[in-house]
Amino acid sequence: MEIVLILTTKSGGCTTKKDPLPGPGSDTRMKYGHKDIRRTTANARERHRMHNLNAALDNLRSRLPVDTANGGHHHKLSKIETLRAACNYITILTETLQTGQPLSLTILQRRLCEGLSHSTANLIAKTLKVETEGL
């Protein structure tokens, strides 16, 4: 006996590959099916993990002072920009609570934009209605 695998090429064509089927007493016969099942369940776990991560990042984005609706075009912050902006925002809020001193919009915008791209800094400035000169 032999196993015939049908493989699909990138161009859409098909090829076949024949593998001899192991004899009785060998557990390799079971590995063909188990390997596919393990890969499928691992892929499902990874999709679920990424779905949860993306949902958490969307939740975090919604709490940042950034209006991503730009003239009808929605610009979603990248994962790294979201995390950097969140870290900056948490630091600013913590310092504000500790000192009891509110920040001006200009200082808030500058501190919030530390380490972020110019496009994200411009989105933040537009949200806070601060002039973007000198960024």
Side-chain angles (χ1 to χ4, degrees):
M1 285 187 137
E2 55 187 31
I3 295 176
V4 177
L5 300 173
I6 300 174
L7 307 172
T8 305
T9 62
K10 287 183 182 178
S11 62
C14 292
T15 80
T16 58
K17 179 181 177 184
K18 295 181 179 182
D19 280 345
L21 191 61
S26 172
D27 64 344
T28 308
R29 182 182 294 217
M30 297 304 286
K31 286 184 183 177
Y32 282 105
H34 289 295
K35 194 180 290 185
D36 291 341
I37 292 169
R38 281 196 310 253
R39 184 76 260 147
T40 302
T41 52
N43 289 346
R45 278 193 310 271
E46 180 64 10
R47 272 192 308 279
H48 183 53
R49 188 187 70 80
M50 289 305 300
H51 176 74
N52 287 341
L53 177 63
N54 289 329
L57 284 166
D58 287 340
N59 189 2
L60 183 58
R61 282 183 196 102
S62 72
R63 281 146 171 69
L64 294 174
V66 180
D67 182 14
T68 57
N70 186 9
H73 301 293
H74 186 73
H75 174 78
K76 187 165 87 169
L77 297 181
S78 69
K79 292 174 184 177
I80 191 68
E81 291 278 288
T82 300
L83 293 173
R84 286 178 179 152
C87 287
N88 291 346
Y89 195 44
I90 291 167
T91 300
I92 292 165
L93 292 175
T94 302
E95 290 173 4
T96 302
L97 287 172
Q98 288 173 346
T99 63
Q101 301 285 325
L103 296 175
S104 70
L105 284 179
T106 306
I107 293 172
L108 172 64
Q109 187 260 335
R110 276 198 192 117
R111 300 269 317 275
L112 195 54
C113 294
E114 289 175 2
L116 300 178
S117 69
H118 288 291
S119 61
T120 301
N122 288 335
L123 281 173
I124 291 171
K126 190 179 285 187
T127 301
L128 298 175
K129 296 176 179 42
V130 176
E131 294 297 320
T132 58
E133 294 177 24
L135 289 180

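Along the sequence shown, residues are numbered consecutively beginning with 1. Since the structure is predicted, the reported quantities are computational estimates derived from the model, not experimental observations.
For the 3.5 Å distance criterion, the side chains of S117 and S119 qualify, holding a donor opposite an acceptor. A donor-acceptor contact closer than 3.5 angstrom links the side chains of N43 and R39. For the 3.5 Å distance criterion, the side chains of R63 and N59 qualify, holding a donor opposite an acceptor.
Checked against L112 for a side-chain contact (heavy atoms from CB on, under 4.5 Å), the options T127, N88, I107 give a single hit: N88.
Rounded to the nearest 0.5 angstrom, L128 CG and Q109 CD are separated by 6.5 Å. Between atom CZ of residue R84 and atom OG of residue S78 there is a gap of 7.5 Å, rounded to the nearest 0.5 Å. With rounding to the nearest 0.5 angstrom, the CZ atom of R45 is 10.5 Å from the OG1 atom of T40. Once rounded to the nearest 0.5 Å, the distance linking CD of E114 with OG1 of T91 reads 9.0 Å.
Both V66 and L103 are members of a single hydrophobic cluster when ILVMFWY side chains are connected at heavy-atom separations under 4.5 Å. Linking ILVMFWY side-chain heavy atoms closer than 4.5 Å, directly or via other members, places L64 and I80 in two distinct hydrophobic clusters. Note: the hydrophobic cluster containing I92 does not contain L83 (ILVMFWY, side chain heavy atoms under 4.5 Å, direct or indirect links).
The backbone N or O of L77 sits less than 3.5 Å from a side-chain atom of R61, completing a donor-acceptor pair.
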Derivation and outcome, side chain to side chain contact (heavy atoms under 4.5 Å, CB included), residues M50 and L53: CA-CA 5 Å; M50 289 305 300; L53 177 63; 4.1 Å; yes

CA sep, side-chain torsions, deciding dist, call: N122, K126, side chain to side chain contact (heavy atoms under 4.5 Å, CB included): CA-CA 6 Å; N122 288 335; K126 190 179 285 187; over 6 Å; no

Chi angles and distances behind the side chain to side chain contact (heavy atoms under 4.5 Å, CB included) call for T82, K76: CA-CA 9 Å; T82 300; K76 187 165 87 169; over 6 Å; no

